[in-house]
Each structure stands twice: as structure tokens, then as C-alpha cells.
Amino acid sequence: MRPFPRSTRRRAASAVVAAALVATVFGVPTAGADDLKDKRNRVKKDIRSAQSDLHSSSEAMARANARLNAAQRQLAGAQVALAAAEAKVSVAERRDVEMQAELDRARTELRAARKALREGRAKMVVQRTQVAATITDYYQQGDPALIAFASLMDAQSPADLTRQSEMRDAIVDREANSYQELLASKVILDVNETQVEQAKDEVAVKRQAAADHLDAMERLEQEATSAKAAVSELVSQRASASASAARAKAADQRELGKLKAEEDKIATMLRRRAARQQASRSAGRSAGVLSWPVRGARLSSPYGFREHPIYGYWGMHDGQDWAADCGSPLYATASGTIVSKYFSSVYGNRLVLDHGILSRVGVASVYNHATSYTVGVGARVQRGQVIGYVGSTGWSTGCHLHFSVLVNGRTVDPRKWL
């Protein structure tokens, strides 16, 4: 567990922190490149693990943040769906205009074909009438060729013969042309009838396609309307979740403020105790001075700077998080006196063990999140004595020990003392 920092750190410090952890925490400045790379990867793994631990904020804040993140993800998805639906509607609207134009062209072509058909039929009637009249004349007046021959017999001079021959050819040609025009009109009429039928079929197809497209348009518009409603609802949910997260964060800040005041009191008390015991300002050897607070546990988050998994700021994690089964024994890291034991909504069951002067400075061990402790304030304990059991009280999402070391009332990296 770590409190809010007094000032936000720059995220760019992450590279410096990682390098410092490799070089100083592991203490291998002369290691080979591969070994250094392995240790750097372990540091990165520790940092990722730290970022995934959610016991750095209240359960209410974790829930509120999860709800906010879920609302934001759902809103993003809904906005994508809305954009897709609107794009489909836009495409469908353009296609609707195109299909309407195609239908209008088909109708125009049908009207033209019908008009040509009517005109062809009328012309056909006229031509049939003319041919019928000619045939009637044949019966009434005789064959034009015979009449023309008779006229030749009556010719008085070569000029008459020539004129009568020309007249006969003209009559025959005229009647032949009328008949040919009748046949041509019949062919054109057949073509016009075929065109009309084709145009009618095309109009029917276009009309059905337009009707089908209209149904599709209605479905797409309904999808877009539903998507808009979903976005609107999710915007409201996000606003509600954001407000809940803000309230939870404010509550966390108040609790952390109370905790800071309590920690300041404990730090002041420890400094006074160290001063009474005449502690030196310069510490001596520290490595190995303290024994392990819990055994068989996994270090899930080391001491040092990291990004808060919920609030996002870059701040100091003032202790070590040891993942262990609930009920695992907690051991006194050195002999000393229990100077404080209380419940914090942040740290849960908390205990401060003052070791007095060790390596010429005042040293204390702090245990957090325990299910219970077996000793009370004022009790004198010995190194390795069981003083409590691992739990998940306070701001915690799983069984673990948050362990801190205080030197003259200030937190230090426990690795340098264990």
C-alpha cells in the first residue's frame, strides 16, 4: 500500500528508476551484459506486477474504476457501432438515389417504347389501308401490268409508248414500295413490342429492387437509431461512473490524509525514541540486520517508484508487498517493543515494532493487512517470534503482507536491511 505523493512524478523517471533498481537494488554493477539484461527484465516484471496489484486503493475505488473503465470501453464500442451504422445508412442513401434514377430512366424508356409502339401501330393501320385499297383496285380495274400492256397497244407514237411504259413502271414500283413499307413497319412493330416488354420487365425489376432497398434502409436506420440510443445511454453511464469514481477517490484521499497524520505521529514517536537512545546520524552496516517477516512468500511489488494502477500517478511505493496465503505466520524481524497496533481503513490491521538502535540508527518494522496479531502494544518480542498472521484487511484484494522498514521515522528500502 502506498499513499498519494505530495507531488506528481514525471513518467519519464521510469527509465531512471529501472536503471537504478538494476544497478543498486541488485547490487551487480560488474555483471555481464546478459546477466544485467536478465536482472533488468526481472525488474520490469516486478514493475508490471506492481501495476497489476489493485490493493493500492479502496475496494470502492477499485469497483468505481472498474465500472468507469467498463463504461468507457462499452462507449467506445458503441461509438464504433454507431459510426458503422451511420456509414451504412449514408451508403444506402446514395444507393437509393442511384436506384431511383435507374428506375426513372427505366420508366422513361418504357414510355418512349410505348409511344413508338403506338405510332408504329397507327402507321401500320394506314399502310394496311393503303395496301388493301390497292388490292381492291386490282380487282376492280385489273392487273396494273395488263393495263399497262393495253396502253402500249394504244400508243400512237414512240413518245407515247415511252411515256406509257414509264407510267406503268411507276405504278408498279409505287405499289411494290407500299408493300415493302408495310413489311418493314411490321418488323419495326414487332421490335417495338419486344422493347416494351423488356422495358416493362426492367421497370418491374427496378421497382422490386427499390422496394427491397427501402426495407434495407429502414432496417439500417433502425440500427442507427438503436446505436444512437446505446451511445446516449452509455454516455450517461460513463458520467455516472465518473462521478462515482470521483467520489470514491475523494473518500480515498480523506482516508489517506488521516493515515498520513497517523504515520507522522508514529514517525515523530520513533524519532524521539531513537533520540533518547542516542542514535548516531550515520548508519553502519545494514544488510542482514533484519530477518524475513514472512517465509515462503513471493515478492509481488518491491519498494520504489511505480505507476499507481488506478490513479495513474507516478509515486513511491513505501514498502514491499509479499504475496502469501492467508493465515501464514508473521515473524518479528528483530527483537523489540510493540509501540503501535490499530486498524486503518487503508492498511487494515497494522502493527509497528520498534527495534531501538540497530547499526547506530533507530529501526522499526511495520506490518499491514494482517488478519490478526498475537501481541499487543507494550509487548516485548524476540527475533523470529510469531506476532501475527497474513490477511487481506483494509485496501487489499488478496492475501499479502505490506512490509515497511522505518529508519529514524522515515521509510527505506527493506531489501537493504533484510
Side-chain angles (χ1 to χ4, degrees), residues 1-5 49-66 248-267 269-270 292-303 306 308-311 315-333 336 338-354 364-379 381 385-406 411 414:
M1 178 60 233
R2 56 182 171 144
F4 288 92
S49 177
Q51 292 174 343
S52 66
D53 291 339
L54 297 181
H55 54 257
S56 297
S57 56
S58 68
E59 184 179 352
M61 183 61 213
R63 287 197 305 268
N65 188 70
K249 182 177 181 179
D252 281 6
Q253 288 174 322
R254 288 192 296 271
E255 292 301 320
L256 289 169
K258 295 177 185 177
L259 176 64
K260 183 64 170 58
E262 185 64 29
E263 288 179 333
D264 289 343
K265 287 171 55 178
I266 293 173
M269 176 188 65
L270 290 172
W292 297 100
V294 62
R295 298 167 189 169
R298 175 181 62 85
L299 181 64
S300 61
S301 183
Y303 178 92
R306 71 178 189 181
H308 192 286
I310 289 183
Y311 296 118
M316 173 62 72
H317 182 232
D318 64 358
Q320 295 175 326
D321 287 339
W322 291 95
D325 294 335
C326 277
S328 300
L330 297 173
Y331 301 96
T333 55
I338 306 301
V339 295
S340 180
K341 186 179 91 167
Y342 62 96
F343 179 84
S344 161
S345 61
V346 178
Y347 280 127
N349 290 318
R350 195 175 204 213
L351 182 141
V352 180
L353 170 57
D354 182 17
S365 294
V366 183
Y367 301 76
N368 302 281
H369 302 300
T371 185
S372 64
Y373 294 107
T374 60
V375 292
V377 174
V381 300
Q385 179 180 335
V386 175
I387 59 175
Y389 300 96
V390 172
S392 184
T393 56
W395 290 2
S396 172
T397 58
C399 298
H400 75 288
L401 165 67
H402 177 87
F403 176 72
S404 299
V405 173
L406 304 180
T411 61

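These figures come from a predicted structure and were not determined experimentally.
In this structure, W322 CH2 and H369 NE2 are separated by 15.0 Å, a value rounded to the nearest 0.5 Å. For the atom pair OG of S300 and NE2 of H400, the computed distance is 6.5 Å after rounding to the nearest 0.5 Å. For the atom pair CG of L351 and OH of Y373, the computed distance is 5.5 Å after rounding to the nearest 0.5 Å. The distance from the CG atom of D354 to the CE atom of M269 is 7.0 Å, given to the nearest 0.5 Å.
With sequence neighbours left out, N349 forms a side chain to side chain donor-acceptor pair (under 3.5 Å) with no residue at all. Under the side chain to side chain donor-acceptor pair (under 3.5 Å) criterion, S372 pairs with no residue, sequence neighbours left out. Residues meeting the side chain to side chain donor-acceptor pair (under 3.5 Å) test with S345, sequence neighbours left out: E255.
By the 4.5 Å heavy-atom criterion applied to side chains, E262 and Y342 are counted as neighbours. Inter-residue side-chain proximity for S404 and D318 is flagged as met; some heavy-atom pair is nearer than 4.5 Å. Under the 4.5 Å side-chain criterion, counting only non-hydrogen atoms from C-beta, E263 is in contact with Y347. Side-chain contact between V375 and Q385: present, with at least one pair of heavy atoms (C-beta onward) separated by less than 4.5 Å. Side-chain contact between D321 and L299 is absent, with no heavy-atom pair separated by less than 4.5 Å. Counting heavy atoms from C-beta on, the side chains of R295 and Y331 come closer than 4.5 Å. Between L353 and V339 there is no side-chain heavy-atom pair separated by less than 4.5 Å. Residues P293 and F403 have side chains in contact (heavy-atom distance under 4.5 Å, counting atoms from C-beta outward).
Between the side chain of S344 and the backbone N or O of R350, no donor-acceptor pair lies under 3.5 Å. Between the side chain of S396 and the backbone N or O of T393, no donor-acceptor pair lies under 3.5 Å.
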Please determine whether side chain to side chain contact (heavy atoms under 4.5 Å, CB included) holds for the pair L406 and V366, giving the CA-CA distance in whole Å, both sets of side-chain angles, and the decisive distance to 0.1 Å. CA-CA 8 Å; L406 304 180; V366 183; 3.9 Å; yes

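Donor-acceptor pairing under 3.5 Å is recorded for the side chains of T333 and S365.
When all heavy atoms of C326 and S392 are compared, the pair lying nearest together is SG-N, 4.4 Å. Of all the heavy atoms in G376 and K341, the pair that sits closest is CA-NZ, 4.2 Å. Pairing each heavy atom of P414 with each of Y303, the nearest pair is CD-CB, 3.8 Å. For the residue pair V390 and A324, the shortest heavy atom distance occurs at CG1-O, 3.9 Å.
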